[in-house]
Participant: 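What follows is a single structure, and I will ask about it in a moment.
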Amino acid sequence: MGIVREEENPLLRQPEESNGLILIRETWLESKKIWKIAGPSIFSRLAMFSMTVIIQSFAGHLGDLNLAAISIACTVIISISFGFLLGMASALETLCGQAYGAGRYHLLGIYLQRSWIVLFSCSILLLPMFIYASPILKLLGQPKEVAEQTGLVAIWLIPFHLSFPFQFTLQRFLQSQLKTAVIAWVSGGALAIHVIVSWVFVYKLRVGIVGTAITIDFSGWISVLGMLGYTVCGGCPLSWTGLSRQAFSGLWGFFKLSVASGVMLSLENLYYRVLIIVSGYLHKTQVALDALSICISIYGWESMIPLGFLAATGVRVANELGAGNAKGAKFATIVSVLTSLLAGLVFWLIIIIFHKQLATIFTSSSTVIDMVKDLRVLLAFTILLNCIQPVLSGVAVGSGWQALVAYINIGSYYIIGMPLGVFLGWSLHFGISGIWAGMISGTVVQTLILIIVTVRCKWEKEAEKAQVHITS
């Protein structure tokens with residue numbers, strides 16, 4: 001008789017409203033943690049990407065040929081390098097994030113040095129893409145004048161390319177320790193310097209297209225030196241204890257994880273850049289190439305935001321798994337996906353409404369602006385889809401699933417999306433729009449598969465695996 005059922009005991013019964021308030025409070029706290037990482041990460045990525053947009057803007061006012069050359073160099077050649085090396089650096093995000101979550105801070109500096117060795121070696125292997133850009137583009141069907149001018153720009157962009165291994169790894173090293181304000185300040189300073197230097201070189205000294213490339217080389221290394229100076233001069237006393245011989249041990253395991261990470265992100269990054277190459281076959285005019293390059297530049301600019309959420313999700317998931325908190329990792333994933341989706345809807349509206357104003361940033365040609373208008377719907381839906389998939393890739397980074405996602409990307413993009421795009425573009429004669437629509441279908445398939453993988457994830461097992469990753 002003394003037993004009282006839980007549902008009849010007012011002290012044990014939890015009001016429905018309180019559960020809702022608890023969920024709202026937890027969501028708010030998690031959102032703050034995510035934005036603490038994502039905000040500066042988005043800013044730093046936008047600042048860095050804006051450097052390429054700025055030189056495209058300056059080049060666009062130097063003539064259509066220069067715009068086409070700098071656009072291909074930035075949206076194809078630099079993007080391939082950017083995507084692969086950025087992806088490789090996400091291996092550091094996995095290991096540093098989990099080590100930081102577990103409180104083993106000394107490992108972060110060792111992982112950073114290993115990443116320098118691995119990524120710089122790979123950046124050297126990518127140099128032929130810059131050195132032989134002109135003949136490669138001619139072989140792929142680009143007009144001779146555009147290919148030769150692009151080849152000249154590519155040579156002068158090599159120093160910018162060689163800054164990536166240090167820039168990306170230092171960002172992830174600091175990001176994993178939640179030192180995101182430093183990254184934002186350094187990126188903002190580098191962007192400000194870049195704007196001033198670009199204006200002086202192009203408008204005052206009139207050094208032309210080569211001068212625009214030199215300005216971005218200079219600005220890229222300013223960013224590296226700023227973060228490196230903070231790291232080695234006492235900003236990270238627990239995680240940076242100087243150069244270590246341990247950096248040369250375990251290189252093969254680090255290399256495998258880095259390459260899987262690089263393939264994962266570069267396959268995503270390269271996918272829509274293929275449109276620019278294909279346009280050389282479908283349209284022999286610079287107008288079509290310029291319009292498509294502008295659309296891809298806008299897409300690339302906006303994608304820095306989901307990439308910021310990718311970074312935030314990767315850090316949050318890695319931190320929680322490293323600390324053995326499986327539920328925290330799952331909750332961080334849900335909050336990050338919903339936040340990124342909301343941002344995607346905002347940018348969908350911006351593209352639909354302000355497409356003309358966006359195109360004017362890059363060119364004053366009315367024919368190019370009109371063609372951008374024709375492509376705006378495809379661009380808007382590409383951006384909307386792109387707000388979910390990177391966050392799910394961030395879960396993969398935090399959990400160390402990079403190899404699995406690389407296989408998913410190959411199947412979705414290059415076995416489904418691209419062949420369908422070729423069929424719609426060539427066989428059904430829909431041209432660029434058909435190719436783009438087919439490629440969007442590949443993104444849809446990839447996103448659906450990643451959602452299924454994430455929903456079926458056994459978070460407790462992932463927390464156990466994280467302990468294996470954290471080795472001395």
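No hydrogens, no waters, no symmetry mates; every other heavy atom, side chains included, goes into these values.
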Participant: Using side-chain heavy atoms (C-beta onward) and a distance below 4.5 Å, is Thr313 in contact with Leu392?
Facilitator: no
Participant: To the nearest 0.5 Å, tell me how far Phe173 CZ sits from Cys96 SG.
Facilitator: 7.0 Å
Participant: Determine the minimum heavy-atom distance between Gln167 and Met227, stating which atoms define it.
Facilitator: O-CE, 3.7 Å
Participant: Can you give me the closest heavy-atom contact between Trp116 and Pro165, atom names plus distance?
Facilitator: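 Answer, listing the atom of Trp116 first, then Pro165: CD1-O, 4.1 Å.
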Participant: Sub-3.5 Å donor-acceptor pair from the side chain of Ser115 to the main-chain atoms of Leu112, do we have one?
Facilitator: yes
Participant: Heavy atoms only: give me the nearest Ser412-Val445 pair and the separation to one decimal.
Facilitator: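 That would be OG-CG1, 3.7 Å.
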Participant: Angle between ring planes, Phe130 versus His161, binned at 30° and 60°: parallel, tilted or perpendicular?
Facilitator: tilted
Participant: In sequence, state the C-alpha distance, the side-chain angles, and the governing distance for Leu424 and Trp436, and then conclude on side chain to side chain contact (heavy atoms under 4.5 Å, CB included).
Facilitator: CA-CA 9 Å; Leu424 292 173; Trp436 200 337; over 6 Å; no
Participant: Restricting to non-hydrogen atoms, name the atom on Pro40 and the atom on Ala184 that form the minimum distance, rounded to 0.1 Å.
Facilitator: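 Scanning both residues completely, I find the closest heavy atoms to be CB-CB, 3.9 Å.
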Participant: Does Ser219 use its side chain to pair, donor to acceptor, with the backbone of Ile216 at less than 3.5 Å?
Facilitator: no
Participant: Rounded to the nearest 0.5 Å, how far does CG of Leu119 lie from CZ of Phe255?
Facilitator: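 It comes to 10.0 Å.
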Participant: Name the orientation class of the two ring planes belonging to Phe168 and Phe82 (parallel below 30°, tilted from 30 to 60°, perpendicular beyond 60°).
Facilitator: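 Perpendicular: the ring planes of Phe168 and Phe82 meet at over 60°.
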Participant: Taking it one step at a time, do Phe218 and Phe160 satisfy ring-ring contact (aromatic ring centres under 6.0 Å, His included)?
Facilitator: CA-CA 8 Å; Phe218 176 76; Phe160 184 53; over 10 Å; no
Participant: Please report the shortest heavy-atom distance between Gly417 and Ser441, naming the atom on each side.
Facilitator: CA-OG, 4.2 Å
Participant: Thr180 side chain to Lys36 main-chain N or O, any donor-acceptor pair under 3.5 Å?
Facilitator: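 The answer is yes, because a donor-acceptor pair under 3.5 Å joins these two groups.
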Participant: For Val195, does its backbone N or O pair with a side-chain atom of Ser198 as donor and acceptor, under 3.5 Å?
Facilitator: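 No: the side chain of Ser198 does not pair with the backbone of Val195.
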Participant: Return the OG1 to CD1 distance between Thr382 and Ile351, rounded to the nearest 0.5 Å.
Facilitator: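 It comes to 10.0 Å.
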Participant: Measuring from atom OG of Ser340 to atom CG of Leu345, what distance do you get when rounded to the nearest 0.5 angstrom?
Facilitator: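 Between Ser340 OG and Leu345 CG, I get 10.0 Å after rounding to 0.5 Å.
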Participant: Keeping the roles fixed (side chain from Ser336, backbone from Thr333), state whether a donor-acceptor pair exists under 3.5 Å.
Facilitator: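 Looks like no, no N/O pair under 3.5 Å.
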Participant: Could you pull out the closest heavy-atom pair between Thr215 and Val197, with the gap in Å?
Facilitator: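 For Thr215 versus Val197, the nearest heavy atoms are CG2-CG1, 3.6 Å.
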Participant: Is it the case that atom CH2 in Trp221 sees more than 12 heavy atoms from other parts of the structure closer than 6.0 Å?
Facilitator: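 Counting other residues, nucleotides and ligands, CH2 of Trp221 exceeds 12 neighbours.
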Participant: How long is the span from the CG atom in Leu170 to the CD1 atom in Ile183, to the nearest 0.5 Å?
Facilitator: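 So the CG of Leu170 and the CD1 of Ile183 are separated by 9.0 Å.
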Participant: With the threshold set at 4.0 Å, does a side-chain nitrogen-carboxylate oxygen contact exist between Lys327 and Glu320?
Facilitator: no
Participant: Counting neighbours of NZ on Lys330 that are heavy atoms of other residues, nucleotides or ligands and sit closer than 6.0 Å, is the number greater than 12?
Facilitator: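 No, because the 6.0 Å sphere around NZ of Lys330 holds 12 heavy atoms or fewer from other groups.
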